[in-house]
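The structure appears below as C-alpha cells.
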Protein chains: 2
Amino acid sequence: MDNLSTTEENYIKAIYHLQQADSTVSTNDVAAKLNTKAASVTDMLKRLNTKQVLNYEKYRGFSLSDEGERVALGIVRKHRLWEFFLVEKLQFGWDEVHAIAEELEHITSKVLIERLDNFLGNPKFDPHGDPIPDSNGKIQTLPQINLVDMPIGETAKVSAVGSQSTELLELLTHKKIAIGTPITIKKKFSFDNSLEIETYSDQRFTISRELALALFVTKQQL
Amino acid sequence: MDNLSTTEENYIKAIYHLQQADSTVSTNDVAAKLNTKAASVTDMLKRLNTKQVLNYEKYRGFSLSDEGERVALGIVRKHRLWEFFLVEKLQFGWDEVHAIAEELEHITSKVLIERLDNFLGNPKFDPHGDPIPDSNGKIQTLPQINLVDMPIGETAKVSAVGSQSTELLELLTHKKIAIGTPITIKKKFSFDNSLEIETYSDQRFTISRELALALFVTKQQL
DNA sequence: TAAATATTTTAGGCAAATCTAAATTATTTA
DNA sequence: TAAATAATTTAGATTTGCCTAAAATATTTA
Ligand SMILES: [Mn+2]
Ligand SMILES: [Mn+2]
Ligand SMILES: [Mn+2]
Ligand SMILES: [Mn+2]
C-alpha cells in the first residue's frame, strides 16, 4: 500500500486538506491547490483510484479511501514534526518552515520519523498550532474558537494561527503574542470591530478585527 | 547553474566519488555505481554536458566541470551533515544512516543546511570519518594511512573506516574501537598477517588483517 | 596490423507527470 | 425544459528517466 511517488503524496495530502475544509472536493479545487491543470488532476485521480487510495467515479466525484486517509495522516505527521524541528532546533521563523517541510515530508524512512518524534519530545502541536498526528494517525483535536467569537471577560490561550504569513508573524512578534499566550477580551468596539485585549497583567491594547480573525484560542491547556 | 533533479544530482555525486578513486571514469563505472545501464548513463552524460556541469566528448571520455565539482561538494556536504545529525542526535548506528542521507542530501534549502551545520557544532568529519566540506566546498583532508601500513610501536588515532557494513560496526563496537580511538601497533604476525594492537593501557589484543584493512588512522588530532 | 573483444552510443520504446485544445457531461438559468 | 455555461474528461504532445537491441568506435590480442 506504499511506494507512492512524491507527486502522488502531494495530491493525497492536498485532497485530505480540502476534504477537511469542505467534504466535497472538486477536480478544480485540487488543480487550484496544486497550481496545476484540471486535466492533470483527472490523470492523477485515475492513478490514485487504481492504487486504492481514492474512491473515484468519473464525473461523479471522489474521496480518499481509508488507506488514502492513513497515508495522508502519515504525510501530515512528517510535515508538522519537521516544522517543529526547524523552529525549535534550528531557530527558523514559522513563516519560513512550510516550503522546507514540503520537501522533508517525503523522506521515506519510518524509523527516522519515530526517532525524530522522540528527539523533539513527542510534541502534540506544530509551530502554527496545528495538531501532529501520532504514529497511528490519531489527531488530538482542541476545542478551539476564533478570537472574534470569544465573549467579553473570558480568558483563553492562543492555540493556532489562521495564516502563516511573514506579515502576521511580524505583527504577533511585535505585540508579544505567540502560541500559548493567554488572552482576555476586555472590550469590543462596534465602530471598526476592533477588540481591546489583555495578554499579561500589564499588557493591554487594541487589535484589529483582521488580526483577531487570524487567531484561534482554547481554554484547554496546550 | 542549479535546478538539477535528484537523479542528475545522484549522477554528479557518483561521478565525483569515482573521480576521487581513479581520475579516469568510464560510462560503465557510472552504470555499475548507480545500478543502471550504460545506455542510460550516456543519455544523462549528454544532458549534464548541456547543463555545463560535465565536460563530455563522445567516445573520448568525460569529467566534472568546475561547476559540476562545486555541485558535487554541496551534495556531499549535505549528505555527511545529515549523517552526523542522524548518529549524534537521533542515535542511529553508522550502518543505518547512509540510505536515509541519500534522500536528505537532495533537500534544496541553502539556509537549512547552514543552520543544521551550526546546530551540530560545525563538525569536520562524518560518523564514518569522512571529511565534511565547508560551505565553500573546502575539504579538510587528514594525512591518514591504512592501519596495516603503520610501523610497529607507533600510535595513531582511528580516523575513518573503509566500510559501513553492519558487520564491521558490530565487531568494532565489541572491541570498543571507534573514530578517535588511539591505537598502537605492538606486533605483526606474518603467518596470517594479524596484528597485535593496544587501544587503552589495559586493552591489548589481536586483530585480523581484514579488520586492519578496514581501519584508517592519523597522527593529527581529529 | 588485422581480427576479436570490449566499450560506448544510437535507435526505438515505455511510464510518469505535465500541458493545451477539444469533446463530453453536469449544472444553471431563462 | 431547452439553451447556455461550467466542470470534467479525453486526445494528443512533451520532457525526464529508464530500458533492450543493434550499431559504431576503441582497445586488446594474436
Ligand atoms: Mn510536499
Ligand atoms: Mn504547520
Ligand atoms: Mn541521493
Ligand atoms: Mn559517510
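Residue numbers start from 1 in every chain, and the chains themselves are labelled A, B, ... in the order their sequence lines are given, proteins ahead of strands.
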Nearest to side-chain heavy atoms of B/Tyr59, which nucleotide of D/dT25, C/dT18, D/dC19: D/dT25
Separation of D/dA26 atom C1' from B/Glu57 atom CD, nearest Å, is 15 Å
Within the 4.0 Å heavy-atom criterion, would you say A/Thr42 contacts the bases, only the backbone, or no part of the nucleic acid? base
Just say parallel, tilted or perpendicular for the rings of B/Trp82 and A/Trp82, cut-offs at 30° and 60°. perpendicular
Please test B/Arg70 against B/Glu67 for salt bridge (charged side-chain N to carboxylate O under 4.0 Å, His left out), starting from the C-alpha separation and ending with a verdict. CA-CA 5 Å; B/Arg70 221 210 73 230; B/Glu67 172 63 13; 2.8 Å; yes
Quick check on D/dT10: is either OP1 or OP2 less than 4.0 Å from any side-chain nitrogen or oxygen of A/Lys46? yes
Name the closest nucleotide to the A/Ala39 side chain, picking from C/dT8, C/dT25, C/dT20. C/dT20
Would you say B/Asn10 and B/His106 are linked by a side-chain donor-acceptor pair, where the criterion is simply a distance under 3.5 Å? yes
Here the distance between atom C1' of D/dC19 and atom CE of B/Met44, to the nearest Å, is 14 Å
Tell me which of B/Asp29 and A/Thr6 sits closer to the 5' end of DNA chain C, going by the nucleotide each one is nearest to. B/Asp29
Select base, sugar-phosphate, or nothing to describe what B/Phe62 touches, counting heavy atoms under 4.0 Å on all strands. nothing
Under 4.0 Å between a side-chain N/O of A/Lys58 and OP1 or OP2 of C/dT25, yes or no? no
Whole-Å gap separating P (D/dT9) and CG (A/Asn49): 11 Å
So, is A/Tyr11 near the phosphate of C/dA16, with a side-chain N or O under 4.0 Å from OP1 or OP2? no
Could you point out which residue of A/Asp22, A/Asn28, A/Thr24 forms a side-chain contact (heavy atoms from CB on, under 4.5 Å) with A/Ser26? A/Asn28
Can you tell me how far C1' of C/dT9 sits from CZ of B/Arg60, to the nearest Å? 15 Å
For A/Asp43 and D/dT15, give me the distance from atom CG to atom C1', rounded to whole Å. 15 Å
Can you find a side chain N or O atom of B/Tyr56 that sits less than 4.0 Å from OP1 or OP2 on C/dT9? yes
In whole angstrom, what separates B/Asn35's CG from D/dC18's P? 11 Å
Between D/dT8 (C1') and A/Leu45 (CG): distance, integer Å: 10 Å
Which nucleotide in the list C/dT18, D/dT10, C/dT8 gets nearest to the side chain of A/Thr7? C/dT18
Counting heavy atoms from C-beta on, name the nucleotide in C/dT8, D/dT10, D/dC18 closest to the side chain of B/Thr36. D/dC18
Ignoring hydrogens and angles, state whether a donor on the side chain of A/His174 or A/Glu170 is under 3.5 Å from an acceptor on the partner side chain. no
Phosphate-side-chain proximity, A/Asn28 and D/dT8, N/O vs OP1/OP2 below 4.0 Å: yes
Candidate nucleotides D/dT8, C/dT9, C/dT18, ranked by approach to the side chain of A/Ser40 - the nearest: C/dT18
